[in-house]
Amino acid sequence: MIVDSPKIKNLVMSYLEEKKGKPFELAVDAGCGTGRSTRTLAPYFQKVIGIDVSESQLSVARKCTSHENISYQISPAEELPLEDASVDLINAGLAAHWFNPEKFGQEAARVLKHGGCLALHSFSLVFEIEYKDKSEELTAALSEAWKILFEYNKKVDGEIKAMYQELFRAIPFKDKQRINGICEVFFLTVSEIMSFLQAICSYKKFLEQDKDKATAFLQGLEKRFLDILGEPASDVLLGFHVYYFCLLASKP
């Protein structure tokens with residue numbers, strides 16, 4: 001399934017090496033959810049703390065984590081339970097659009113060490129599907145579906161589409177940059193693409209408002225994909241292109 005971008009992980013670690021250098025003692029994964037991003041940081045730091053406001057998400061994260069250097073705490077990203085100037089890296093993958101920009105920026109400035117770094121990243125709601133001569137039709141069908149889903153989560157999806165413009169302004173460091181167009185390709189079946197869409201917040205809000213309509217929407221999209229493919233497609237792997245962006249900043 002779709003995971004955090006390996007390219008972004010490498011980008012973030014190279015940036016931290018350049019701006020601060022080793023040792024890498026403490027990383028904080030803000031809005032960690034089930035700990036997917038948290039676990040990818042474990043090999044690089046002496047200690048990693050996953051922070052989230054949802055105890056149910058943290059419960060899943062603890063069950064999925066075997067690394068001895070990872071711990072989890074319940075807390076908002078704007079009120080980190082950490083000492084001043086104690087953190088090498090604050091990471092937030094697919095989460096920063098939920099933060100209060102001004103308060104989070106102030107809190108990052110408080111807990112980061114001098115030279116410590118901030119990395120906020122997400123996919124950019126730009127997706128393409130590649131398969132033989134069907135790529136254009138498949139991508140068009142997906143783009144039309146996203147236009148519908150956008151209507152159910154305009155505020156959050158709008159912030160993602162703007163590539164965290166408000167968050168970028170709120171970062172209180174001069175040394176900051178936005179990198180976009182970072183592409184990863186995942187090879188997925190139609191069923192796996194449907195599962196990805198079901199997990200998106202916009203679809204969940206659609207489901208809450210009108211369960212029957214949301215279910216029919218997803219079923220219709222799946223049928224359209226299969227009709228475009230025009231062949232038995234349960235095991236066909238499609239190239240699912242996901243475009244990410246990343247905000248990087250370093251505390252002086």
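What you are looking at is a predicted structure, and each value in this text was computed from that prediction instead of being measured. In this chain, numbering begins with 1 at the start of the sequence shown.
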Rounded to the nearest 0.5 Å, what separates atom NE2 in His241 from atom CG in Leu142? 12.0 Å
Answer yes if Val53 and Leu94 sit in the same cluster of Ile, Leu, Val, Met, Phe, Trp and Tyr residues linked by side chain heavy atoms under 4.5 Å apart, and no otherwise. no
Lys47 atom NZ: more than 12 heavy-atom contacts under 6.0 Å: no
Joint hydrophobic cluster, Val185 plus Leu188, side-chain heavy atoms closer than 4.5 Å: no
Quick check for you: to the nearest 0.5 Å, what is the distance between Ile90 atom CD1 and Leu80 atom CG? 6.0 Å
Minimum side-chain heavy-atom gap Phe45-Leu16 below 4.5 Å: yes
Would you check if the side chain of Asp52 reaches a backbone N or O of Cys32 as a donor-acceptor pair within less than 3.5 Å? yes
So, Lys223 and Asp227, do they make that salt bridge, N to O below 4.0 Å? yes
Within 6.0 Å of CD in Gln177, more than 12 heavy atoms from elsewhere: yes
A side-chain contact here means heavy atoms from C-beta on lying under 4.5 Å apart; do Leu229 and Tyr131 qualify? yes
Does any non-hydrogen side-chain atom of Leu41 lie less than 4.5 Å from one of Asn91? yes
Can you see which heavy atom on Leu218 is nearest to which on Met194, and at what distance? O-SD, 3.8 Å
For residues 142-152, the side chain to side chain donor-acceptor pair (under 3.5 Å) pairs (sequence neighbours left out) are Glu144-Arg224, Glu151-Lys154
Cluster companions of Val126 among Ile, Leu, Val, Met, Phe, Trp, Tyr (side-chain spacing under 4.5 Å): Tyr243
To the nearest 0.5 Å, how far apart are CG in Asn100 and CD in Glu79? 10.5 Å
Val12 vs Leu248, side-chain contact (heavy atoms from CB on, under 4.5 Å): CA-CA, chis, key distance, verdict: CA-CA 8 Å; Val12 169; Leu248 294 170; 4.0 Å; yes
Flag side-chain contact, heavy atom, 4.5 Å: Val87 against Lys113: no
Are Phe196 and Tyr203 packed together at the side-chain level, in the sense that at least one heavy-atom pair is separated by less than 4.5 angstrom? no
So, using side chain to side chain contact (heavy atoms under 4.5 Å, CB included) as the criterion, who are the partners of Arg62 when residues are at least two apart? Glu55, Leu58, Tyr72
Within the supplied structure, the quantity of interest is the number of heavy atoms (other residues, nucleotides, ligands) at a distance under 6.0 Å from Gln209 CD; does it exceed 12? yes
Does Lys22 make a cation-pi contact with Tyr44 (under 6.0 Å, within 45 degrees of the axis)? no
What's the separation between atom OG in Ser202 and atom CG in Leu207, rounded to the nearest 0.5 Å? 12.5 Å
Run the side-chain contact (heavy atoms from CB on, under 4.5 Å) check on Met13 and Phe24 step by step: do they pass? CA-CA 10 Å; Met13 295 311 302; Phe24 300 152; 3.7 Å; yes
Between Asp157 and Leu125, is there a side-chain heavy-atom distance shorter than 4.5 Å? yes
Go through Arg110 and Glu107 one step at a time and tell me if the salt bridge (Lys or Arg N to Asp or Glu O under 4.0 Å) criterion holds. CA-CA 5 Å; Arg110 180 183 71 81; Glu107 188 69 343; 2.8 Å; yes
State, to 0.1 Å, how close Ala61 and Gly33 come at their nearest heavy-atom pair, and which atoms those are. CB-O, 3.8 Å
How about Asp175 and Ser250: does a side-chain donor come under 3.5 Å of a side-chain acceptor? no
Nearest 0.5 Å, what's the OH-CZ distance between Tyr244 and Phe123? 7.5 Å
Whether the side chain of Lys251 engages the backbone of Phe173 through a donor-acceptor N/O pair (distance < 3.5 Å, no angle test) should be reported. no
Give me the atom names and distance for the closest heavy-atom approach of His67 to Ala42. CD2-CB, 3.5 Å
Where Thr34 and Arg39 come nearest, the two heavy atoms and their spacing: O-NH1, 2.9 Å
Side-chain heavy atoms nearer than 4.5 Å, only ILVMFWY residues, links allowed to pass through others: does that put Val236 and Phe187 together? no
Min side-chain heavy-atom separation Glu128-Phe240 under 4.5 Å: no
From CG (Leu82) to CD1 (Ile51), nearest 0.5 Å: 6.0 Å
Over 12 non-hydrogen atoms of neighbours within 6.0 angstrom of CG in Asp235: no
Considering non-hydrogen atoms only, spot the tightest contact between Lys19 and Cys117 and give its length. CB-SG, 3.7 Å
Cut-off 3.5 Å, side chains only: do Ser56 and Ser54 have a donor facing an acceptor? yes
Distance under 6.0 Å and angle within 45° of the ring axis: does Lys176 meet both against Phe168? yes
List the atom of Pro101, the atom of Ala170, and the distance in Å for their closest heavy-atom pair. O-CB, 3.5 Å
So, Ser5 and Glu184: side-chain donor and acceptor under 3.5 Å apart, yes or no? yes
Go through the steps for Glu159 and Leu167 under the test side-chain contact (heavy atoms from CB on, under 4.5 Å), then give the verdict. CA-CA 9 Å; Glu159 182 64 16; Leu167 277 158; 4.3 Å; yes
Same hydrophobic cluster for Trp98 and Val60, using side-chain heavy-atom links shorter than 4.5 Å among ILVMFWY? no
When the ring planes of Phe99 and Phe104 are compared, do they come out parallel, tilted or perpendicular, using 30° and 60° as the limits? tilted
Under 4.5 Å between side-chain heavy atoms, hopping through other hydrophobics if needed: is there a path connecting Phe206 to Phe150? no
Glu166 and Arg169 ion-paired at < 4.0 Å: no
Does Glu18 use its side chain to pair, donor to acceptor, with the backbone of Tyr15 at less than 3.5 Å? no
I want to check something: taking the side chain as every heavy atom from C-beta on, are Thr65 and Thr38 in contact at a cut-off of under 4.5 Å? no
Could you walk me through whether Asn153 and Lys155 satisfy the side-chain contact (heavy atoms from CB on, under 4.5 Å) test, starting with their C-alpha distance in whole Å, then the side-chain angles of each, then the deciding distance to 0.1 Å, before giving a yes or no? CA-CA 6 Å; Asn153 201 27; Lys155 186 178 186 301; 5.8 Å; no
Looking only at atom types and distance, does a side-chain atom of Ser37 sit under 3.5 Å from a main-chain N or O of Gly93, one as donor and one as acceptor? no
Students often mix this up, so state it plainly: with edges at 30° and 60°, are the rings of Phe245 and Tyr164 parallel, tilted or perpendicular? perpendicular
N/O donor-acceptor pair under 3.5 Å between Asp88 side chain and Glu25 backbone: yes
